[in-house]
Amino acid sequence: MRVKRYVVDSMPDALQKIRSDLGKDAVIINTKEVRSGGFLGLFSKKKIEVIAAMDNSAPTPTTAPVPSGKSQEPVSASRQQAASPSSFGGVSTAAKPAAAAAYGAQAVQTPPAAQPASSAAAREEKLSLAFPEVPDVFPPAPPAKAPAAPRETPLERSQAAGVTRAKEDLLMDEIKQMKEMMLKLSLRSGPAEEPNPSLERYERLLLDQEIDPQLVRQLLAGVAEEAEREEAELDDAFARQSLQRQLSALLGGGGGKAIAPDTRIAHFVGPTGVGKTTTIAKLAAEQVLKHQRKVGFITSDTYRIAAVEQLKTYGTILNVPLEVVFSPLDLNKAFENLKDCDLIFMDTAGRNFRNEMYVSELNALLRTSGKSETFLVLSLTTKYKDMKAITGNFHKFKLNKVLFTKMDETDSYGAIVNLVHDFGLQPSYIANGQSVPDDISILQEQHIIDLILEDREP
Ligand SMILES: Nc1nc2c(ncn2[C@@H]2O[C@H](COP(=O)(O)OP(=O)(O)OP(=O)(O)O)[C@@H](O)[C@H]2O)c(=O)[nH]1
Ligand SMILES: [Mg+2]
């Protein structure tokens, strides 16, 4: 199938181009009003975007001469136009031969027995009768009522439906790919007008920070809209301020970031090696030394030989009791032993939490009585794609806050923005080094935004 996109001033222009590029059997699969020129479609003229397709695999239409006085071409294009909103939210079944696609295969099919041999001219005649010639303008007149469909057996009908569905699926895939391609092109191949250099600059900067490209487009469109609304000059200063506003609205979800004063149990979950145990030690020190709370530790990490020892060492330094649980059944006893503690930190084993089974297993350990909070610990050095998969798995269970570690090992912070945008989790702390208890602080969104928008020389 050949698919082409046209941006034109009027439908007749499009029809003419489509006819000469793709032939008279091309179908129009979508039309919409777009703005052309400018950046991201703003500051620009209104145009019509027309997507047309030609199914190369479709049977070659007859080349018999058209009966005199009947120009079939305008009819073909106009018919398809009229039919375009038929299915899939405005997308016609373009994989069918043109006339059939526009009106449903049955409308133009003649049963073989009834169809005269070499019936090209007769078929043209039939089509012309069924779809009287309409002027080549937009919007086209609604098509004349199609002739009654020939009778089909249920088997024939279901076979035809199956074939149609398969073609529709194929078409949907192609349209999806095409949409993605066009979205990419819309940023890059803006027509004649110069793209705005400030938007380009911040686009590069946000993408460098590994903010999701789709979100980057949204943010920049927000900047451009704001400038248009306020009739302001869209320069670097304006773009920066607008992005500051948008990012702080996105990140500042409200709600307490720190461990709540009435929280009795704080669970820390997350993939292997992200710094859960180290983070617990840092936060426990803060609770003991700064808030004078009586703290206890529980660890269920019995998979790694050194894991219990690691927490025990921190417990000894901070004078904090430690309980080890081997299964959810041991939990009650552990809580009983720590009943005098104001706050219990529960460390869990880092596992491959892309595996849903481990998450369910862990979830059994998180079912505790008393007010609890669960912190998902993620390292900023993890690829966002993996972070997203892990968070997706955890998100089905009770998660309250997200805590980021290893900020000192990267200068890309886009993952924080992506994660809050995609999952609406409350950011809490951010850890920026191995040193216990110093290298942790409450995540200040303004600081993160400043870092994201900071000029960095290549
Ligand atoms: N650079 C840096 N290293 C950190 C940070 N937090 C923890 N680490 C280091 O990361 C390594 C793993 O830390 P752990 O606390 O054992 O990680 P964990 O998530 O408990 O690991 P598992 O229990 O094996 O899943 C240690 O070497 C820590 O010192 C941080 O913010 N920055
Ligand atoms: Mg650990």
Side-chain angles (χ1 to χ4, degrees), residues 198-199 202-203 205-227 229-230 232 234 236-263 266 268-270 274 279 282-283 286 290-291 371 373-380 382 384 387-388 390-392 394-395 398-408 410-432 439-456:
S198 297
L199 286 179
Y202 279 101
E203 184 201 3
L205 211 136
L206 296 176
L207 290 174
D208 269 1
Q209 282 292 312
E210 294 174 23
I211 296 184
D212 181 65
Q214 183 95 17
L215 182 54
V216 170
R217 276 192 289 274
Q218 273 179 33
L219 292 167
L220 295 179
V223 175
E225 270 167 31
E226 210 174 308
R229 204 171 46 242
E230 294 177 13
L234 206 172
D236 281 5
F238 186 93
R240 192 187 163 88
Q241 277 172 17
S242 170
L243 288 170
Q244 286 257 16
R245 273 192 291 277
Q246 292 186 67
L247 287 171
S248 85
L250 201 154
L251 288 179
K257 291 177 188 151
I259 297 172
D262 59 342
T263 290
F268 290 78
V269 299
V274 289
T279 299
K282 291 173 183 172
L283 293 176
E286 187 196 32
K290 216 161 133 191
H291 303 291
K371 179 158 188 282
E373 288 191 277
T374 303
F375 291 78
L376 173 63
V377 184
L378 294 172
S379 163
L380 286 176
T382 306
Y384 183 66
M387 258 194 210
K388 193 171 173 179
I390 292 160
T391 311
F394 272 109
H395 206 242
K398 185 189 146 232
L399 265 191
N400 301 93
K401 296 175 180 172
V402 58
L403 188 157
F404 298 96
T405 59
K406 310 202 182 182
M407 187 193 186
D408 53 310
T410 178
D411 51 15
S412 299
Y413 312 102
I416 300 175
V417 176
N418 295 340
L419 204 91
V420 173
H421 176 260
D422 290 348
F423 295 95
L425 282 175
Q426 167 73 56
S428 57
Y429 297 89
I430 191 148
N432 61 341
D439 291 340
I440 195 158
S441 56
I442 292 279
L443 184 146
Q444 303 291 352
E445 47 270 4
Q446 201 47 55
H447 179 49
I448 301 297
I449 295 168
D450 288 345
L451 289 170
I452 287 174
L453 299 178
E454 189 176 276
D455 263 325
R456 287 184 187 79

Problem - Exercise: identify the closest heavy-atom pair between Gly252 and Glu445 - result: CA-OE2, 3.9 Å

Completion exercise
The reported gap from CG in Leu451 to OH in Tyr413 (rounded to nearest 0.5 angstrom) is 5.0 Å

Practice task
Please step through side-chain contact (heavy atoms from CB on, under 4.5 Å) for the pair Leu380 and Ile416, ending with a clear verdict.
Solution key: CA-CA 8 Å; Leu380 286 176; Ile416 300 175; 3.7 Å; yes

Exercise for the section: Return the minimal non-hydrogen interatomic distance between Glu203 and Leu220, and the atom names on each side. Expected result: CB-CD1, 3.3 Å

Exercise for the section: Kindly compute the distance separating CZ (Arg217) from CG (Leu207), expressed to the nearest 0.5 Å. Expected result: 8.5 Å

Problem - Donor-acceptor contact present, side-chain Gln241 to main-chain Asp236, <3.5 Å - result: no

Practice task
Find the distance between CD (Gln218) and CG (Asp212) and round it off to the nearest 0.5 Å.
Solution key: 8.5 Å

Exercise for the section: For side-chain contact (heavy atoms from CB on, under 4.5 Å), just list the numbers for Gln214 and His421, CA-CA rounded to whole Å, side-chain angles, deciding distance to a tenth of an Å, and then say yes or no. Expected result: CA-CA 11 Å; Gln214 183 95 17; His421 176 260; over 6 Å; no

Handout entry: Closest non-hydrogen atom pair between Asp408 and Ala431, with its separation
Key = OD1-O, 4.5 Å

Completion exercise
When every non-hydrogen atom of Ile449 is compared with those of Gln244, the smallest separation belongs to CG2-OE1, 3.6 Å

Practice task
Look at the side chain of Thr391 and the backbone N and O of Met387, then say whether any donor-acceptor pair between them is shorter than 3.5 Å.
Solution key: yes

Handout entry: Leu419 side chain near Phe404 side chain, heavy-atom distance below 4.5 Å
Key = yes

Problem - Main-chain N/O of Gln209 paired to Ser412 side chain as donor or acceptor, under 3.5 Å - result: no

Handout entry: Under 3.5 Å donor-acceptor, Ser379 side chain and Lys406 backbone
Key = no

Handout entry: Side chain Tyr384, main chain Ile211, donor-acceptor under 3.5 Å
Key = no

Practice task
Indicate yes or no for a side-chain donor-acceptor contact from Glu373 to the backbone of Asn400 under 3.5 Å, with no hydrogens or angles considered.
Solution key: no

Exercise for the section: Would you check, one step at a time, whether the test side-chain contact (heavy atoms from CB on, under 4.5 Å) holds for Leu206 with Leu243? Expected result: CA-CA 10 Å; Leu206 296 176; Leu243 288 170; 4.0 Å; yes

Practice task
Enter the distance from Leu403:CG to Ile442:CD1 here, rounded to the nearest 0.5 Å.
Solution key: 9.0 Å

Practice task
Check the pair Ser428, Leu443 against side-chain contact (heavy atoms from CB on, under 4.5 Å), reporting the backbone distance first and the verdict last.
Solution key: CA-CA 6 Å; Ser428 57; Leu443 184 146; over 6 Å; no

Problem - Any side-chain heavy-atom pair of Tyr202 and Val216 under 4.5 Å - result: no

Exercise for the section: Please indicate whether Lys388 has more than 12 foreign heavy atoms, meaning atoms of other residues, nucleotides or ligands, lying under 6.0 Å from its NZ. Expected result: no

Handout entry: Nearest heavy-atom neighbours spanning Asn418 and Glu210
Key = ND2-O, 3.0 Å

Problem - Phe375: partners by ring-ring contact (aromatic ring centres under 6.0 Å, His included), with sequence neighbours left out - result: Phe268

Practice task
To the nearest 0.5 Å, tell me how far Leu219 CG sits from Leu247 CG.
Solution key: 5.5 Å

Practice task
Check for a donor-acceptor pair, side chain of Lys401 on one end and backbone N or O of Tyr429 on the other, with a separation under 3.5 Å.
Solution key: no

Fill in the blank from the handout: When rounded to the nearest 0.5 Å, the distance separating CE of Met407 from OG of Ser441 is 7.5 Å

Practice task
For residues Ile452 and Leu205, report the shortest heavy-atom separation together with the two atoms involved.
Solution key: O-CD2, 2.7 Å

